[in-house]
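Remarks on the structure that follows.
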Amino acid sequence: MEQSSSTWIVTAVAILIVPVLVFTLNRKPKRKYKSNIPWAPGALPLIGHALSYRHDPAKFLLDSSKQVGEVFQINLAGKHMIIACGPHIQRIVATAPESILSARQAVADIGFEQTLGYLNVHIGTDLHKGIVKGLWHSNASEHVAALTQSIQSAMQDEVESSLGKKTEFMKLVRRVLLRTTIDQFIGSFFLKDWKIDFITKFMKFQDDLEDVTAKAVVMPRVVALPLFLWPLARRRVALQQKISKRLQETSSLHHESSGFWLSDVKDKHHLDEIAELIVGLLFAAHKNPAIGTAQSYLMLFERASKEHQSLCMEESKHLLQNQTYEQVQERCPTLRRLCFETLRLTAHSIGAVRTARQPFSLGDHFVIPKGATVALTHISSSLNDEFWKDPHSLILDTSSEDRNQDLYSNDYAFSVFSHGVHKCPGQKLALILLQCTVAILLHDYDIELPETIPPLDFERATLAQRGGPIPSFQQDGALKNEWKKWLGRHSFHGRINVLARRAA
């Protein structure tokens, strides 16, 4: 009876949804606006530029820019966007006020009001921005030391919990930085002795949110809402309820061990509002720094010389011995350059999305029509040979004329943290997280990488990830030789990492 009932429900849903999908795929695209901005070449019927973009986003965007100019339109399977690809056009778009080119409306339009909640779309960004900026007005070196110690503790917890288990390197780093973010922003009390594996639950929620957004953005709203956005909204609300309950259970500890973010908001917002804002905070604060950290480590051994590997190892030792703001900023030049170069090479293909609230002139007779979606591409700046000589190379020589340090301060050459009125407020914090975490990986742990590391993958709306998993085994020093013997008897096609606590 239950099976036939389930079959009936599935059939009913299919009857309702399939005609809508068939109609959507076969209808001619209905545009809300007309624009004199040129189209990128090579569009296919129905899917537009989706295949070309997915195959190699950076190449597609750069090639399109060279053929039709630094501003053009693309069609990603029905989602039309205007792409600002060159520095001149990007500056015009990035400095336009929210009242004209709206970031809030753009993220609401792609479903974030459902998936992240109203507060995170309309209040959260400005709230987090003010708190993070204020962080550096106090003793910066104290914050660096606290972050470093928190990362070390989180790394130890994660490695010990996965001792002898097969895990994935980038996921491990992400768990460490999510744990660190919670510890520093919310408080060490939040995860302590909690029976729920919140780290795993939140990471799964965020990954599913990214998948849902990618699907919903190319579908009619009437289909996307019931099929993808509302179900994920219900999961977010359930997650918020767990967070709210946890904050209530541990309320006596807030005054003793609250992180800097929670200390700022706890007396200004209701508990349920704080829970919703925490979802947005963790969503924004941990994943890209974690990807950048893992990629920095991988690129050091994948692309850098032995000399620069040794320099990074030595600088890591000094950083961990002297955990000050000056040490991070000025006395680890090779390690810092590694993080900058990695971020440049893994920059978002498309980011900083805006919706035009009124017609907006770009000069040269081009006008963004009201209602159009505009996006900045960051990877095109990163690989622009007008700025960067040999742009695809990782160059860690800080004296090289090919990589003048001033370029990393030019928001339109190095645009990883965006630019203009919506520039990321967490740039300083993110770079410190990257440097300190890479230093800990280099100094405190032995890591044996596989012979072949999967290539960069720009498909997700994050920094570039990898085109496949990077499995690893965690082990304590005493077990290292035994594990190597075991590994020698079992073939994994060279894709085994060994992560071990480095001997003191």
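Sequential numbering from 1 along the given sequence is applied to the chain's residues.
- For Phe283 and Phe205, the distance between ring centers is not under 6.0 angstrom.
- Between Glu113 and Arg236 there is no salt bridge, since no side-chain N of the basic residue sits under 4.0 Å from a carboxylate O of the acidic one.
- Nearest approach of Leu433 to Thr437, heavy atoms of both residues: O-OG1, 2.6 Å.
- Taking 4.0 Å as the cut-off between side-chain N and carboxylate O, Arg174 and Asp207 count as a salt-bridged pair.
- Residues Asn288 and Thr462 bring no donor and acceptor atom of their side chains to less than 3.5 Å of each other.
- Taking both residues in full, the closest heavy atoms of Leu345 and Ile379 are given as O-CD1, 3.9 Å, listed atom of the first, atom of the second, then distance.
- Shortest non-hydrogen contact noted between Ser349 and Thr377 is O-OG1, 2.7 Å.
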Audit row: Leu298, Ile470, side-chain contact (heavy atoms from CB on, under 4.5 Å) steps and yes/no
CA-CA 10 Å; Leu298 293 172; Ile470 306 170; 3.5 Å; yes
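- Remark: the backbone N or O of Val173 is not paired with any side-chain donor or acceptor of Glu158 at under 3.5 angstrom.
- Look at Glu326 and Arg331 and you find no salt bridge, because none of the NZ, NE, NH1 or NH2 atoms lies under 4.0 Å from a carboxylate O.
- Under the 3.5 Å distance criterion, with hydrogens and angles disregarded, no donor-acceptor pair is assigned to the side chains of Gln465 and Asp457.
- A distance-only check finds a donor-acceptor pair linking the side chain of His49 to the backbone of Ala40 [under 3.5 Å].
- Side-chain N/O atoms of Thr334 and His308 include no donor and acceptor closer than 3.5 Å.
- Residues Tyr118 and His122 bring their aromatic ring centres within 6.0 Å.
- Of all the heavy atoms in Tyr408 and Phe414, the pair that sits closest is O-CD2, 3.5 Å.
- Side-chain contact annotation: Gln105 with Arg354, donor-acceptor N/O pair under 3.5 Å absent.
- Taking a cutoff of 4.0 Å between a charged side-chain nitrogen and a carboxylate oxygen, Asp211 and Arg460 qualify as a salt bridge.
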Step-by-step side-chain contact (heavy atoms from CB on, under 4.5 Å) determination, Phe228 to Thr115:
CA-CA 9 Å; Phe228 298 114; Thr115 56; over 6 Å; no
Test side-chain contact (heavy atoms from CB on, under 4.5 Å) applied to Ser258 and Phe189, step by step:
CA-CA 8 Å; Ser258 287; Phe189 69 87; 4.3 Å; yes
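- A salt bridge links Lys287 with Glu210: the closest approach of a Lys/Arg side-chain nitrogen to an acidic carboxylate oxygen falls below 4.0 angstrom.
- Looking at Arg337 and Asp397, no side-chain N of the basic residue comes within less than 4.0 Å of a carboxylate O on the acidic one, giving no salt bridge.
- Salt bridge annotation for Arg175-Asp197: present, with a cationic side-chain nitrogen under 4.0 angstrom from a carboxylate oxygen.
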Check the pair Glu160 / Gln156 against side chain to side chain donor-acceptor pair (under 3.5 Å), numbers first and verdict last.
CA-CA 6 Å; Glu160 287 178 358; Gln156 189 169 350; 3.2 Å; yes
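- Here the closest heavy-atom approach between residue Ile89 and residue Ala84 is recorded as CG2-CB, 3.5 Å.
- Remark: Gln321 CD is packed, more than 12 non-hydrogen atoms of other residues, nucleotides or ligands lying under 6.0 Å away.
- In this structure, Ser141 contributes its side chain and Tyr325 its backbone to a donor-acceptor pair below 3.5 Å.
- With Trp261 contributing its side chain and Leu281 its backbone, the two residues share no donor-acceptor pair below 3.5 Å.
- Atom NZ of Lys423 has more than 12 heavy atoms from other residues, nucleotides or ligands within 6.0 Å.
- Taking all atoms of both residues into account, the shortest heavy-atom contact from Leu147 to Gln184 is CD2-CG, 3.7 Å.
- Aromatic ring orientation, Tyr297 versus Phe169: tilted (interplanar angle from 30° to 60°).
- We find the CG-OG1 distance between Leu343 and Thr346 to be 5.5 Å, quoted to the nearest 0.5 Å.
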Under the side-chain contact (heavy atoms from CB on, under 4.5 Å) rule, what do His318 and Cys332 come out as? Steps first, then yes or no, please.
CA-CA 8 Å; His318 294 315; Cys332 300; 5.6 Å; no
